Structure formats: structure tokens, C-alpha cells
Amino acid sequence: MVTSMLRRATLVLAVLAFALAGFAHADDPPQPRAEAAASAGQKGGRGGGAQNAAPTSSSAAELHRLPPDSTTKQTLELPGRTLSFAATAGSIRVFDGKGEPLADIAYTSYELDGADRATRPVTFLFNGGPGASSAWLQFGAAGPWRLPLDGEALSPSASPEVKPNAETWLDFTDLVFIDPVSTGYSRFVASGEDARKSFYSVDGDVNSIALVIRRWLEKHDRLTSPKYVAGESYGGIRGPKVVRQLQIQHGVGVRGLILVSPLLDFREFTGTSLLQYVATLPSYVAVAREAKGLVTGPVKRADLADVEAYARGEFLADLVKGEADKEATNRLAEKVAGLTGIDQAVSRRLAGRFDVGEFRREFDRKQGKVTGRYDASVRGYDPYPDSSSSRFGDPSGDALQAPLTSAAVDLLTRKLNWRPDGSYEVLNGAVEGHWDFGRGINPPQSVSELRQILATDAKLNVLVAHGLFDLATPYFGSKRVLDQLPAFATQRVKFVVYPGGHMFYSRDGSRQEFRSEVEALIRE
């Protein structure tokens, strides 16, 4: 998930010595290329154990090794059909240029029985953070089993029992969920600062994930399969970059890219950028209109056409005029107060410029409640309602971590028979804290790679999906970015918005509609 760095004033970070090609040329111990696919340090084949693991020079690495891959046969009873498939929980080892092991990257894959492996699509999925495991996409949207958490069920003490997922994507694509290093059960096997720096950076992270995708394809004999990539949140930065790396560095073509609640460009959320207010205003108003019941049924994007027009027109024009123009500022503040329902005195004090934290606290402050960041339609109690400073968490996100963690551990150990030692990290805040986000003063963005992958492959299509009430990665921010693409690109990029928040797929209707869009993309 996108973390608090969205509000950092600057991103002045040093370039790591670890270059983009670091993993690409150092993914295996030195050996003849013909043997790489068979003995690249990946733990066995489909449930084949550890006999193919590459030798290491460090006994410490073996102490941290994940268990051999486990493949089990599963049957899922769903409305109108039965799915039989192989589920594999395992890992792929990554090496440096000297053949020394760096990390074991865990994955969970699901492959439908009886399908032609040469023509059967396969989709690789990851979440964001940085520091998030793939549990959200696996147990919320695409996997065979789903954790039903929405509305009143959103609670840390909610049952972690997963249910068969009627909206699983497994009907039309095999699925591979990837947990980047230090998330899920993925872990370093090398010690020292250099190992951490190899992965905790924009480029190092992208290169390691692209490498794992290629290695999984080799390991499971799926190089000829149609391939798709899906990323959520910070996955919007990862996704286009991973596809580009696969195209130019690993010799792997990708048919489609699915971006879920993505962040595509950090620049509009940093410093004094006025575009951050433009991006968030439609979502603020969506929250207000749903809370007040101003529309029949769930609020939809069509209900916000007037707000979007105002945000990109008069609102932006008045923002640009600045607070020195009192008439423009008063006009803006009054309009924002009217649209959001927030007290006019507060709006005037803030000049109509609500950052996300201020909106979350002020929207329902009279009741002592704050809105969610991931889903602002969710409200919870402010633990310090009388404090002069904001000291609250996220009622729409914090409540998910306990049941998601328990569900992932239970499924991996009990149902898939894979029992690593150590703790499962559903969301590891230490990763973001050590992350190298950019080069010099330039915040990361993936719009350049998005343009490049669409220009390079005329058959590649992109689906971008958002939730209306998401304040972590507001939908209108992505819409503004995508509107700047050249015509050849916009024809192959579909943009959809659903009722819900960052994890809009937690709502039944939104999940069902989203699944139909993904199926149409893959079956195209």
C-alpha cells in the first residue's frame, strides 16, 4: 500500500551503487546457460523438493532457507462449476554476480488441471507498499479463496476463515502471487547492508520481481503461455517497470497489464504541488454524497461529473491564483465547504486546501470520528478527539492486518502444507522506512515506462481500476495522468472506477464487475 511518503515535502535520496542490471546478470550461480532452468537454485520443480537447489558458500544461508516447494491438489466448488487445480507454495532463490545467495522470494501459484500449458494464460500479481505482501489481491480479489471483509465485518477480531471465491480469476488464467523480499515469508539469506540495498530501491525491487517471473516461467515450463502482470497501489510504480524489464532484459513478452488502485507518479503528491488538491477533491465529494444519501444506491463516478469538471476547471484556476487573490480564495473555500459538508469556517481557515489528513479528521469531527485513508466511506473513532494534533490510525486499513495475516498463515500451512519458520509479514513498515525512492530530487514515476511498453508492443493492453473513496491513491489523480498519454496509447488503456476504496473489490458488486473487466482483457 502507498505509505506516508506521499506527504513528504521532498525526496532527496542518494542513488544506490546497485545498478539496474545487477540482478539481471546475476540471478544464477555461474554455470552453463543450458542448465540454468533446471538448476538455478529454485527449490525443486512442481513439489519436487530441494535437490535442485544451488550450493551456497554460506552455512548461514542454509539456516534461513525456506522449505521445499509444496504442491497439493485442490478442488473448489463454486456456483455453476467445479475447479480442480494444483496449488504450489514455494520460493525462488536470487543470487548476486558472484553466485552468492541473496534472498528467497516466496510465491503461491494456482494452475488449473487439464489446460493446455502452451496456450493457458498466467497472471503474476503483487501488491505495493513498499513492504506489502500479495495477501490483499490473493484473499480479496483474485485467488481461489476469499476473506469476506467489508462494512461491519471490518475488524481485527473478525474470523480469518477464508471462503470459496466465486469471483476468482482462475477460470480464465492461472495465478502466481509474489511476495517481494521482507514481505510474506520472503526473506534475505545474506546478511549485511549491501544485501538490503540490493532490494530496497525502485530499480532493485523491479529487477528482482522481473527475475522471479522469468524464473517461475522456466521452472514451471510456461514460457510459451500468454502472460499478464497485475499490481496494486505502489504496484502502479512496479507494474509498468516490471513489464519493461521483462521486455528488454529477460526476453519475456507480456500481453496485458492490470493496475489496481495504482500510484503512477509521486510528483503530484509532493511538496507544494497544487495537483494533489485536484486529485483528491472528487473523492472527498464522493464520500460526502454517499454519507448524506444524496444519490440513489451507491455513488458512482457518473454522479461526480460536475465535480470533476469543477476540479479541472474553476477550482484549478482559483488554486493557481493563490491566496493573495482573496476573492478567488473565498470563492474556492465556500465551494469546497458546500461540496464536502465541512464547516465553512474550517474551509476558509485552510483556504479550501484540504490535505488528506485534514479531510479525514474534519469530515465527521462533530461525532469524534475520522474517515479511513484506504476507504474514506469507513469511519472510526478518533482516539484523541480533543488533541490539537492528528493522532489516529486508519479504520479502513488497520483492521485488516490481523485477519489477513492469520488467513495467509492458515492457508499456507494447513491447506497448502507449506510451513516456513519465522513470521509472516503482511505489511512490513520497516521496508518503506529503508526504501530508496528516487534519484536526486526526482520522485519515482512509471508513466515513462507505461508509454514505452505500449509503444514497444502494439498488442499490449492496460486496465486501470480505482475505487471512488480511495484517499491513498485517488482515482482522479490517475485519470489526469492517463489523459496526458498520446493517442496511440489511450486507445489501449481502459480506465474504470467502482464504488469502494483502495480495496474496492471488498464490495461484492465492485468485485464482480472488476472480474468481468479482467476476464475481457485476458480473453481478448
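Nothing here was measured: the structure is a model prediction, and the numbers come from that model.
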Out of F124, Y110, W136, F139, which residue meets the side chain to side chain contact (heavy atoms under 4.5 Å, CB included) rule with F177?
Y110
Strictly below 4.0 Å, N to O, side chains only: are D421 and R187 in salt-bridge contact?
yes
Does a side-chain heavy-atom distance below 4.5 Å link F126 with I209?
yes
Taking all heavy atoms of D205 and all of R238, pick out the closest pair and write down the distance.
OD2-NE, 2.6 Å
Side chains of F315 and V278: closer than 4.5 Å at any heavy-atom pair?
yes
Would you say that V464 contacts L257 through its side chain, given a criterion of any heavy-atom pair below 4.5 Å between the two side chains?
no
Would you call D394 and R360 a side-chain contact if the rule is heavy atoms closer than 4.5 Å?
yes
Relative to each other, are the rings of Y200 and H434 parallel, tilted or perpendicular (30° and 60° limits)?
tilted
Indicate yes or no: at least one non-hydrogen side-chain atom of S233 is less than 4.5 angstrom from one of H502.
yes
How close do L460 and V254 get, heavy atom to heavy atom, and via which atoms?
CD1-O, 3.2 Å
Please report whether the ring centroid of Y475 lies less than 6.0 Å from that of H466.
no
Can Y284 and Y277 be said to form a side chain to side chain contact (heavy atoms under 4.5 Å, CB included), step by step?
CA-CA 10 Å; Y284 292 164; Y277 305 114; over 6 Å; no
Could you check whether any side-chain heavy atom of K335 comes within less than 4.5 Å of a side-chain heavy atom of Y310, counting everything from C-beta outward?
yes
Please confirm whether the ring centroid of Y505 lies under 6.0 Å from the ring centroid of Y498.
no
